Chemist: 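Pasting a structure here, questions to come.
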Amino acid sequence: MPPLTVRLLRALAGWVLVLGLTAVAVHPEGCGRPTDEALDHAAAQAVAWFGANLKPDGDFVYRYDRERGAEEPGYNDTRHAGVLWSLWQAERVGISGAGSIAEAAFTRVEDRLIDTSFGPAYGRGSVVESGTMGLLVAALDERRLATGNTDHDELLIGLGHTLAAAVNVDGSVSADLHVDNGPSDRRSPFFTGEVMWALARLHLTFPAEGYDVPAVAIRRYLVEDRDAMETPWPPVSDHWGAYAFETMDRWPNPPILTAPERQWQDRQLGLFGLQVRYESQREGGITLLTRGNIALPAGVGTLGEGLGNYLLQLLRSGDRPGDHDVLTERADCVAHLLVGRQITASDAAEESTPHRSIGAWFRLGDTQMDDQQHALSALLLLREVRATPSAFGKNS
Amino acid sequence: MTLTLLVLAYLAAANPFRVAAATTEPPANKVLAVFAATFVAAALLAALIASPILDLVEVTGSSARIAAGIAVLAVALKDAIARPPSAEPGLTGAAHGAIPLAFPIMFSPAVALLAIAASENRGIGVALVGLIPALVVAVLLLAVAPLARARLYTSTVGLAGVGVAGLVALDGVYAI
C-alpha cells in the first residue's frame with residue numbers, strides 16, 4: 001500500500017477514535033415535541049390515576065410496586081398537599097373530575113389541621129413542616145381560582161401567618177415549626193421555595209395582608225445566601241423557586257430583577273437544561289451502562305415545572321430573547337419524555353390491578369404518588385406555555 | 001461560547017506549531033494558498049452542515065460544545081505527549097498544502113467539531129472568524145520555517161489546550 005494511503009488511513013483512524021470518544025461523552029438526545037392533544041391526554045390520564053387510587057379516608061395509594069402488584073407502606077403529608085395543588089391546577093384547566101378528587105382528598109388535611117400560637121397549621125404532633133403548609137396554601141389558593149369558592153379564605157390567611165413565622169430575619173426558612181417553641185434550625189432544599197411561592201401567591205390573593213415582605217426576604221436569601229449557608233450538593237434546580245419567581249412576576253408591582261437574581265436564574269436555567277439533556281440520553285440499551293437508569297418520574301416532572309414557569313415569565317416579559325427557543329426545546333423534550341414513559345391501558349392490560357398502573361410513571365417497577373403529581377403539573381404548565389401569547393411575537 | 005474562548009480553542013485544536021514542526025523549509029506561496037484555502041473550506045463545510053448533522057445525530061448545540069471540548073482534549077493531549085507529524089509522505093507541488101499540511105496535520109477532528117459547535121451556537125460567521133488567528137499564525141510560522149524548538153512549542157500549546165478543552169466542555173455543561 002502506498003505510504004500516503006497508509007498515512008491517510010491512519011489519520012482517518014485517528015478521527016474515528018476521537019469521534020468515538022466524544023460519542024461516549026455525548027449520546028443522542030431522544031427528544032421531540034408532542035402534540036397539544038398528547039399533552040392533554042397524558043394529563044387527563046394522570047388525573048384518572050389519582051381518581052382510581054383514592055382511598056375512602058382521603059389518602060391516595062402512596063407507593064406501588066408494579067412487578068409484585070403490591071402497594072407499599074408509607075405516606076407523606078407534603079406530597080399529599082402537592083397532589084392537591086396539581087389536582088386543582090388540573091381542575092382550573094377543565095380536566096374532568098380533578099376537583100372532586102381533590103375535595104375528597106382534602107379530608108386528610110381537615111383531619112390534621114391544628115391550632116398553634118402562630119396560627120393554624122397542617123401536621124401532626126408537636127412539630128409541623130413549613131413546606132407542607134406552603135404547598136397546602138398553593139393548593140387552596142389554586143382551588144379558589146379554579147372554583148371561585150372562598151370558603152377557605154380564613155384558613156388561607158391564617159396559614160399565611162403561620163408560614164410567615166417560619167421565615168427568619170435573614171430570609172431563611174425554617175423547615176419545621178415547633179408548636180410550642182417556634183421555628184427550628186433545620187433547613188430543607190425544597191421548603192424555602194415552597195414557602196416563598198405560597199407567600200407570593202397569598203400576596204396576589206390578599207394584597208392587604210403584607211405577605212410580600214417575607215416573600216421578598218426569602219427571595220433575597222434564596223438568591224444571595226442559600227447556597228453559601230446551606231451548601232446544597234449537587235446544586236438544586238429549584239422548581240419551587242421557579243414557581244415563586246413566576247408568581248412574583250405577576251404581582252401588581254413586581255420586584256425588579258437584580259443582577260444577582262439574573263445570575264442565579266442563568267444558573268438555574270443551565271441546571272434545568274443540562275438535566276433535560278442528560279435525561280433524554282437515557283434510552284435503554286447501551287445507555288444503561290453509560291447513563292444509568294431513567295430518573296425518578298417526579299424528578300423529570302420538576303424539570304418541566306421549572307422550565308414551564310421560567311418560560312411563562314419570559315413569554316410575558318420578552319426577556320432573554322436569545323434563550324427562548326432553546327428553553328422551549330428543552331420544555332418540549334420533558335413533555336416528550338413524560339408522554340412516552342406514561343403507562344397506557346394496553347401497557348397494563350395483563351396486570352391484575354391495571355388501575356394502579358394506567359396513567360402512572362414508573363422507575364424500576366415502582367411509582368409513588370408524587371411521580372404523578374410532578375408529571376401532571378409539568379404537563380399542565382407546558383400546555384399553558386403553549387397557550388400563552390408571546391412577547392417575542394411568535395407562538396412558543 | 002465567547003469569541004475569545006473559541007479563538008483559544010481553535011488554536012489548541014489546530015495547533016499551528018504542529019504544522020510548523022512538520023515543515024523543514026518555507027513552502028512556496030502557492031502551497032501556502034492551497035493550505036489556507038483547504039483549511040478554510042473544510043471548516044466552512046463543517047460550519048455549514050452543523051445544523052443538519054446535529055439533527056441527524058440528535059445532539060443539541062449545547063451538548064455539541066461538550067463534544068467539541070472532549071475532542072480538543074484528545075487532540076491537545078496527543079500534541080502534548082506525541083511526536084509532531086512529518087511532512088512526508090504527502091502530495092507534491094501546490095497540493096502539498098492540502099495534503100498533508102491542511103489535512104490531516106492542521107484540520108483535526110477537534111477543529112471540525114469546534115466549527116460545528118460554534119456555528120450552531122454563534123452562527124457560521126463567528127465560527128469562521130474565530131478560526132482566523134490560528135490560520136494566520138500557521139501561515140506565518142510556515143513562512144519562516146524551519147522553526148527551532150517546534151516540538152517544544154507544539155507540546156506547550158497541547159498542554160495549554162488541555163485547560164482550554166475543559167473550558168469548552170464546561171461551557172456546554174453550563175449551557176441550557
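Worth saying up front: this structure is predicted, and the values here are computed from it rather than measured. Just so it is clear: chains get the letters A, B, ... in the order the sequence lines come, proteins before strands, and each one is counted from 1.
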Chemist: Please classify the contact of A/Leu19 with chain B as side chain, backbone, both or neither, using a heavy-atom distance under 4.5 Å.
Modeler: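 Looking at A/Leu19, just its side chain touches chain B.
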Chemist: For A/Trp15 versus B/Ser108, what's the shortest heavy-atom pair and its separation?
Modeler: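 Of all heavy-atom pairs spanning A/Trp15 and B/Ser108, the closest is CZ2-C, 3.5 Å.
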Chemist: Side chain, backbone, both or neither: which part of B/Ile99 has an atom under 4.5 Å from a heavy atom of chain A?
Modeler: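 Only the side chain of B/Ile99 comes within 4.5 Å of chain A.
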Chemist: Is B/Val57 close to chain A through its backbone or its side chain, or both, or neither, when contacts mean heavy atoms under 4.5 Å?
Modeler: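 The answer is the backbone of B/Val57.
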Chemist: Among the options A/Arg267, A/Gln281, A/Arg10, A/Gln275, pick out the one with the most heavy-atom pairs lying under 4.5 Å from chain B.
Modeler: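 Among the listed options, the one with the most contacts to chain B is A/Arg267.
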Chemist: Please report the C-alpha distance between A/Glu329 and B/Thr60 in whole Å, then the side-chain angles of each, then the deciding distance to 0.1 Å, and finally whether the side chain to side chain donor-acceptor pair (under 3.5 Å) criterion is met.
Modeler: CA-CA 9 Å; A/Glu329 211 176 283; B/Thr60 55; 5.9 Å; no
Chemist: Counting only heavy atoms closer than 4.5 Å, note whether B/Leu91 contacts chain A via side chain, backbone, both or neither.
Modeler: both
Chemist: How about A/Arg277 and B/Ile66: do any of their side-chain heavy atoms sit closer than 4.5 Å?
Modeler: yes
Chemist: Quick one: what part of A/Leu307 sits under 4.5 Å from any heavy atom of chain B, side chain, backbone, both or neither?
Modeler: neither
Chemist: Kindly compute the distance separating CD1 (B/Ile176) from CG (A/Asp325), expressed to the nearest 0.5 Å.
Modeler: 11.0 Å
Chemist: What option among B/Ser62, B/Gly61, B/Ala71, B/Pro104 has the most heavy-atom pairs under 4.5 Å with chain A?
Modeler: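 When all of B/Ser62, B/Gly61, B/Ala71, B/Pro104 are compared, B/Ser62 has the most.
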Chemist: Relative to chain A, which of B/Ala175, B/Ala169, B/Ala67, B/Ser63 shows the most heavy atom pairs under 4.5 Å?
Modeler: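 The candidate making the most pairs under 4.5 Å is B/Ser63.
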Chemist: Has A/Ile286 got more than 12 heavy atoms of other residues, nucleotides or ligands less than 6.0 Å from its CD1?
Modeler: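 No.
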Chemist: Kindly give the heavy-atom pair with the smallest separation between B/Ile70 and A/Ala25, and that separation in Å.
Modeler: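 For B/Ile70 versus A/Ala25, the nearest heavy atoms are CG1-CB, 3.7 Å.
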Chemist: State whether the number of non-hydrogen atoms from other residues, nucleotides or ligands found under 6.0 Å of A/Tyr278 atom OH is greater than 12.
Modeler: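 Yes, because the 6.0 Å sphere around OH of A/Tyr278 holds more than 12 heavy atoms from other groups.
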Chemist: Going by heavy atoms in the side chains, are A/Leu271 and B/Tyr174 under 4.5 Å from each other?
Modeler: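 Heavy-atom side-chain distance check fails, nothing below 4.5 Å.
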Chemist: Sort B/Ala74 into side chain, backbone, both or neither according to what part of it lies under 4.5 angstrom from a heavy atom of chain A.
Modeler: side chain
Chemist: Can you name the closest pair of heavy atoms from A/Arg7 and B/Pro85 and give their distance?
Modeler: NH2-CB, 3.7 Å
Chemist: Determine the option with the most heavy-atom pairs under 4.5 angstrom with chain A, choosing from B/Ala64, B/Ala112, B/Pro100.
Modeler: B/Pro100
Chemist: Are there over 12 heavy-atom neighbours, none belonging to A/Gln263, within less than 6.0 Å of that residue's CD?
Modeler: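 Counting other residues, nucleotides and ligands, CD of A/Gln263 stays at 12 neighbours or fewer.
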